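As the structure is a computational prediction, the values presented were derived from the model and not from experiment.
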Amino acid sequence: MLHNPLRSCSVFEDVKILRHEEFEEGCKATCNGPYDGKWSKTMVGFGPEDDHFVAELTYNYGVGEYRLGNDFLGLTLQSSQAVSNAKRLGWPLTQVEEALYLTQAPGGYPFYIVDKEQPPHDPVQKVSLGVSDLQKSTHYWATLLGMTVMDKSEEKNTVLLGFSDSQCKLELRDIGGNVDHGTAFGRIAFSCPREQLPDIEALMKKEKQKILNPLVSLDTPGKATVEVVILADPDGHEICFVGDEAFRQLSAVDPKGNELLDKAMAEDKSDEWFAKQNKQKAAA
């Protein structure tokens, strides 16, 4: 979640605004977190959602800041151009090992950039999440959710999983303690055939796993209605499975995405309103 959207995109010049949507009230599946007010989401990525990892940037108009936890450990992408851009713009970079840099997006979210030529496919390599019990979490994501274990590192206490070699991977890293989601937490989403959603929900009930939202329909003004099931893994990481057929309609790249985002940011007078009231936006 963001308190100031898109300030970091200048580093990743190939990132595209894929679509932008405004909502007058909170999502019934808490897509914008536990908030009831006006909010927006902006989908950004290196290409269409059908074949690229995409980040959903959520902006709650009445929230001024969020507290980071130790749940989201970083997003890794490969782009020597992004490293060059960051150096040119004076964006803070820390070299953590050969050809690997750490930087932070606004709000403190960590990004790792591999200093190698950007691949022709999606440059986003993996998303890293902290877990308290690596064996238990691996069982959940691999055995129950069907991901394949791609790699393991006892030295780093990590397991790398994925649904296919060509897609962004999920890295689980044992942090040796409890996972704190803070108030800046998000969720990971996967699309699947709509007919599989009831089966996913039934499996989680059978395995006595946490279901945050049973099968529910979500509306987007002027766009397709999608159906989702939202789960939580053993450490409370939220996972959304969405019916692919309707999602393909919803997730189509909107050529007016940039225009809609610029308009929304220009019309956002929430900071001015709070200043006139001699108040500050709430800290989540």
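Of the inter-residue distances, the one linking K116 atom NZ with S79 atom OG reads 13.0 Å to the nearest 0.5 angstrom. Here the CD1-CG distance, from I230 to N213, works out to 4.5 Å after rounding to the nearest 0.5 Å. Between the OG atom in S80 and the CG atom in N85 there is a gap of 9.5 Å [rounded to 0.5 Å]. Note that OG1 of T42 and CG of L261 are 4.5 Å apart. Values are rounded to the nearest 0.5 Å. Here the straight-line distance linking atom OG1 of T158 with atom NZ of K126 works out to 6.5 Å at 0.5 Å rounding. Between the CE atom in M43 and the CD atom in E56 there is a gap of 4.5 Å [rounded to 0.5 Å].
A pairwise comparison of heavy atoms in G45 and L18 identifies N-CD1, 4.0 Å as the closest pair. Heavy atoms only, all atoms of each residue included: G47 and V54 are closest at O-CG2, 4.1 Å. Contact record, N32 with G37: ND2-O, 4.3 Å, taken as the closest heavy-atom pair. Between P234 and K136, the shortest heavy-atom distance links the atoms CB-CE, 4.0 Å.
Within the 3.5 Å criterion, the main-chain N or O of Q104 finds a donor-acceptor partner in the side chain of W91. Between the side chain of T183 and the main chain of R67, a donor-acceptor pair closer than 3.5 Å is present. Panel note: side chain H52, backbone P48; a donor-acceptor pair is recorded below 3.5 Å. Of the possible polar contacts, none joining the N60 side chain to the G62 backbone as a donor-acceptor pair under 3.5 Å is found. Within the 3.5 Å criterion, the main-chain N or O of Q167 finds a donor-acceptor partner in the side chain of K169.
Not counting sequence neighbours, the partners of P119 by the side chain to side chain contact (heavy atoms under 4.5 Å, CB included) test are Q78, H121, P123, Q125. Here F53 pairs with nothing under the ring pair (Phe, Tyr, Trp, His ring centres under 6.0 Å) rule; sequence neighbours left out. Partners of F23 according to the side chain to side chain contact (heavy atoms under 4.5 Å, CB included) rule, which considers only residues two or more places apart in sequence or in another chain, are E21, W39, K41, T220, P221.
Under a hydrophobic-cluster definition in which Ile, Leu, Val, Met, Phe, Trp and Tyr are linked whenever side-chain heavy atoms come within less than 4.5 Å, directly or via other members, L160 and F72 are assigned to different clusters. The hydrophobic clustering, which links ILVMFWY residues whose side-chain heavy atoms are closer than 4.5 Å, places L197 and L212 apart. Both Y109 and F46 are assigned to one and the same hydrophobic cluster, defined by single-linkage of ILVMFWY side chains at heavy-atom distances under 4.5 Å. V127 and F163 fall within a single hydrophobic cluster, where Ile, Leu, Val, Met, Phe, Trp and Tyr are joined by side-chain heavy atoms under 4.5 Å apart, directly or via other members. The hydrophobic clustering, which links ILVMFWY residues whose side-chain heavy atoms are closer than 4.5 Å, places I188 and L68 together.
In this structure the side chain of E201 reaches within 4.5 angstrom of the side chain of I211, judged on heavy atoms. The shortest distance between side-chain heavy atoms of L75 and V124 falls below 4.5 Å. The side-chain heavy atoms of E22 and Y61, taken from C-beta on, include a pair separated by under 4.5 Å. Between L231 and I200, the closest side-chain pair of non-hydrogen atoms falls below 4.5 Å. Taking the side chain as every heavy atom from C-beta outward, L218 and C31 approach each other to under 4.5 Å. Residues T103 and I113 form a side-chain contact, since some pair of their non-hydrogen atoms from C-beta on lies under 4.5 Å apart. You'll find the side chain of V149 stays beyond 4.5 Å of the side chain of W141, heavy atoms only. For the pair D122/D51, no side-chain contact is recorded, criterion being any heavy-atom separation below 4.5 Å from C-beta on.
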Distance-only check: which donor-acceptor pairs under 3.5 Å involve side-chain atoms of residues 92-102, not counting sequence neighbours?
unit_1 : atom_1 : unit_2 : atom_2 : d
Q95    : NE2    : E97    : O      : 3.4

Please tabulate, for side-chain N and O atoms in residues 236-255, each donor-acceptor pair with protein atoms closer than 3.5 Å (sequence neighbours left out).
unit_1 : atom_1 : unit_2 : atom_2 : d
H237   : NE2    : G130   : O      : 2.7
E238   : OE1    : R187   : NE     : 3.0
E238   : OE1    : R187   : NH2    : 2.7
D244   : OD1    : S191   : OG     : 3.0
D244   : OD2    : R248   : NE     : 2.6
E245   : OE1    : R194   : N      : 3.0
R248   : NH1    : D50    : OD1    : 3.2
R248   : NH1    : D50    : OD2    : 2.9
S251   : OG     : F247   : O      : 2.7
D254   : OD1    : K256   : N      : 2.9

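A 6.0 Å sphere centred on CD of Q196 holds more than 12 heavy atoms belonging to other residues, nucleotides or ligands.
Other residues sharing the hydrophobic cluster of I175, ordered by chain and number and joined by side-chain separations under 4.5 Å: L73, V179.
Between D133 and Y140, the side chains place no donor N or O within less than 3.5 Å of an acceptor N or O (distance only, hydrogens not considered). Counted by atom type alone, N178 and S132 present zero donor-acceptor pairs between their side chains at under 3.5 Å.
Of the listed residues (T138, L170, D151), just one forms a side chain to side chain contact (heavy atoms under 4.5 Å, CB included) with V159, and that residue is T138.
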